[in-house]
Each structure stands twice: as structure tokens, then as C-alpha cells.
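A short write-up of the structure that comes next.
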Amino acid sequence: MSPITQESVHAAVAAKEFSRIAEICGRLELEAAASGAPPLPAAIDSLHLLGLLHDGDLNEARFLWKRIPASVKEGDAELEATWRVGQAMWRRDSQGVHEALKAFDWSPAVEPMVAAVADRYTHTMIQLLARSFSTISPSHAATFLGLTTQEALPFLEAKGWKQDAATDMLSPPVVQGGKGGEAEEELRQLAQVKRLTEYVFNLEH
């Protein structure tokens with residue numbers, strides 16, 4: 001197996017092999033540690049974190065953040081901005097995730113990975129909404145998707161959602177394996193998990 005280099009990571013991003021980023025960066029981290037090389041640059045750590053967030057591996061993202069040396073974290077705005085995305089995901093704060101993704105002026109080396117994370121997260125939220133709600137208001141859907149109400153309506157209609165002319169409420173397309181009419185229970189569970197994860201997160205940070 002050929003050695004992994006920092007160029008390998010950037011090449012995978014350029015090739016849009018986003019599902020391989022976490023694996024490649026993980027191997028690079030291990031090889032650097034085994035060889036006694038200096039800490040990896042913050043840009044690689046940002047891509048590693050984003051790769052894990054893209055794959056939904058929030059636990060490993062948290063462990064990675066703890067492993068990154070303080071000397072690398074300190075003063076690197078992009079790495080800190082990357083972790084703010086991870087923090088919002090851990091808290092299940094969908095609005096916070098979208099805000100964190102949009103708030104920073106990402107570098108060209110990292111921006112494609114950020115876009116991939118945003119796309120994957122939005123797709124996941126659409127699936128969650130479709131499984132959890134039989135109807136939902138455009139403004140409520142917009143909050144989950146990080147869109148304005150005006151943006152959310154055509155965005156969801158393009159994905160098969162229908163708006164009732166009388167009530168303005170949106171209904172999802174039929175989802176295999178999902179059930180409509182579960183909005184209250186789903187929101188209650190999400191709220192409970194969010195409160196618990198916020199409590200645990202604050203204890204550890």
C-alpha cells in the first residue's frame with residue numbers, strides 16, 4: 001500500500017471522493033504519529049473533521065478534536081469554524097448547523113468538502129421531515145433546512161412535496177419504511193436528546 005500524503009487528501013477532495021476523506025486523513029494521522037512527524041496542518045485537520053461529519057461519525061469527530069494539539073487549534077479560524085459545525089451537529093441543532101456552515105468564508109481547499117457536508121446534512125434533514133411529519137408549515141420546514149420560507153417552498157416542491165392551497169401546509173411524498181403523523185413524538189424525542197447532549201457536552205467542555 002503506497003504511503004498517504006497531504007496531497008492524497010487534496011486530490012480526493014478535488015475528485016469529489018468525499019466519502020473517502022475521513023479514511024485517508026485517518027491513515028495520514030496514523031502514519032504521521034508513527035513516524036514522529038510534526039502535527040498535521042490545520043487545513044488537513046479541518047478536512048478530517050469534515051470527512052467525519054460528512055459520514056455522520058460524530059463520536060470520532062469529537063475524539064479527533066480532542067487529539068488535535070492546542071498549538072494547531074489556537075489561532076486557526078477555519079479549524080475553529082469547522083468544529084462549530086460539529087458542535088451544532090452534536091447538539092442536534094439543525095439551524096445552528098446551517099448557520100455555522102454559512103458563517104465562515106471557507107478556503108478553496110476546504111470549501112468543496114464544506115459544500116458536500118451541507119448537501120449530505122440537508123438530504124438527511126429532508127428524510128427526517130418526510131418520516132416525521134404528515135404536514136408541516138413552510139416556515140417550520142425552512143428552519144430545519146437552513147432556508148428562508150420563500151426558498152423552502154420551491155426547494156421542497158422540486159423534491160415531490162405538495163402544498164395544500166387551503167392551509168398552505170406542505171405534505172411529503174410517500175417514504176418507504178416511514179410513517180406520517182408522528183410530528184409531535186419525533187419533536188419530543190429530538191428535544192429530549194438535544195437537552196441531554198447539550199448537558200453532556202457542557203460537562204465535557
Side-chain angles (χ1 to χ4, degrees), residues 1-128 144-147 151-152 155 158-159 197 201 205:
M1 184 178 295
S2 59
I4 295 293
T5 65
Q6 295 179 33
E7 288 71 24
S8 304
V9 179
H10 294 300
V13 173
K16 299 185 178 181
E17 297 175 339
F18 302 123
S19 295
R20 297 186 59 226
I21 299 302
E23 175 194 354
I24 295 172
C25 289
R27 287 178 55 194
L28 183 60
E29 181 188 10
L30 289 174
E31 291 181 6
S35 66
L40 294 169
I44 296 297
D45 288 325
S46 289
L47 287 170
H48 195 173
L49 281 169
L50 289 165
L52 292 167
L53 298 180
H54 177 270
D55 296 345
D57 195 344
L58 301 184
N59 282 329
E60 183 56 33
R62 292 177 66 238
F63 291 140
L64 172 59
W65 179 252
K66 292 176 182 293
R67 293 196 304 269
I68 297 173
S71 59
V72 177
K73 294 178 185 177
E74 292 171 357
D76 192 279
E78 186 162 70
L79 183 55
E80 293 175 353
T82 302
W83 182 231
R84 283 193 289 273
V85 178
Q87 288 173 310
M89 285 189 179
W90 181 259
R91 294 192 302 265
R92 298 199 178 192
D93 177 5
S94 58
Q95 187 172 2
V97 171
H98 293 294
E99 289 174 352
L101 287 166
K102 295 175 181 177
F104 191 76
D105 184 16
W106 304 96
S107 67
V110 172
E111 194 280 330
M113 193 71 226
V114 172
V117 170
D119 288 345
R120 175 66 66 87
Y121 188 78
T122 298
H123 178 72
T124 299
M125 292 309 301
I126 292 172
Q127 290 183 318
L128 174 62
F144 282 100
L145 299 174
L147 302 172
E151 292 169 336
F155 180 79
K159 297 184 181 301
T197 53
F201 189 88
H205 295 78

| request: Mind listing the closest non-hydrogen atom pair of A61 and L53 along with its distance? | output: CB-CD2, 4.0 Å

| said: Could you check whether any side-chain N or O of E60 sits under 3.5 Å from a backbone N or O of L52, counting only pairs where one atom can act as donor and the other as acceptor? | reply: no

| Would one find more than 12 heavy atoms of other residues, nucleotides or ligands at under 6.0 Å from atom NZ of K102? | yes

| field | From CD (Q87) to CD (E80), nearest 0.5 Å | value | 10.0 Å

| request: Please confirm whether the backbone N or O of A100 pairs with a side-chain atom of R84, one donor and one acceptor, at under 3.5 Å? | output: no

| message | Nearest 0.5 Å, please: how far is CZ in R27 from NE2 in H48? | response | 12.0 Å

| message | Keeping E31 on the side-chain end and I4 on the backbone end, is there a donor-acceptor pair under 3.5 Å? | response | yes

| task | For the pair W83 and W65, name the ring-plane relationship: parallel under 30°, tilted 30 to 60°, perpendicular over 60°. | result | parallel

| said: I'd like to check V114 versus V85 (side-chain heavy atoms, cut-off strictly below 4.5 Å). Are they in contact? | reply: no

| Do you know which two heavy atoms are closest between D76 and A42, and how far apart they sit? | OD2-CB, 3.2 Å

| task | Report yes if the side chains of M113 and T82 come closer than 4.5 Å at any heavy-atom pair, otherwise no. | result | no

| task | Working to the nearest 0.5 Å, report the span between CG of L79 and CZ of F104. | result | 10.0 Å

| request: Kindly compute the distance separating OH (Y121) from CG (L145), expressed to the nearest 0.5 Å. | output: 9.5 Å

| task | Check whether any side-chain heavy atom of T122 sits under 4.5 Å from a side-chain heavy atom of F155, and report yes or no. | result | yes

| query | Which heavy atom of V9 sits nearest a heavy atom of I21, and at what distance? | reply | O-CD1, 4.0 Å

| field | Spatial distance of atom CD (E17) from atom OG (S8) [nearest 0.5 Å] | value | 10.5 Å

| query | Between CD1 of I44 and CG of L28, what distance do you get to the nearest 0.5 Å? | reply | 6.0 Å

| query | Taking all atoms of both residues into account, what is the closest heavy-atom pair of L47 and C25, and its distance? | reply | C-SG, 4.3 Å

| request: For E111, enumerate each residue passing the side-chain hydrogen bond (donor to acceptor under 3.5 Å, both in side chains) test, keeping only those at least two apart in sequence or located in another chain. | output: none

| task | For L147 and A152, work out which heavy atoms get closest and say how close. | result | CD1-CA, 3.9 Å

| task | Write down the atom of K73, the atom of K66, and the distance for their closest heavy-atom approach. | result | NZ-CA, 4.2 Å

| said: With a 6.0 Å cut-off (strictly less than), is the heavy-atom count around CG of N59, excluding the residue itself, greater than 12? | reply: yes

| request: Would you confirm whether W106, through its side chain, and L101, through its main-chain N or O, come within 3.5 Å as a donor-acceptor pair? | output: yes

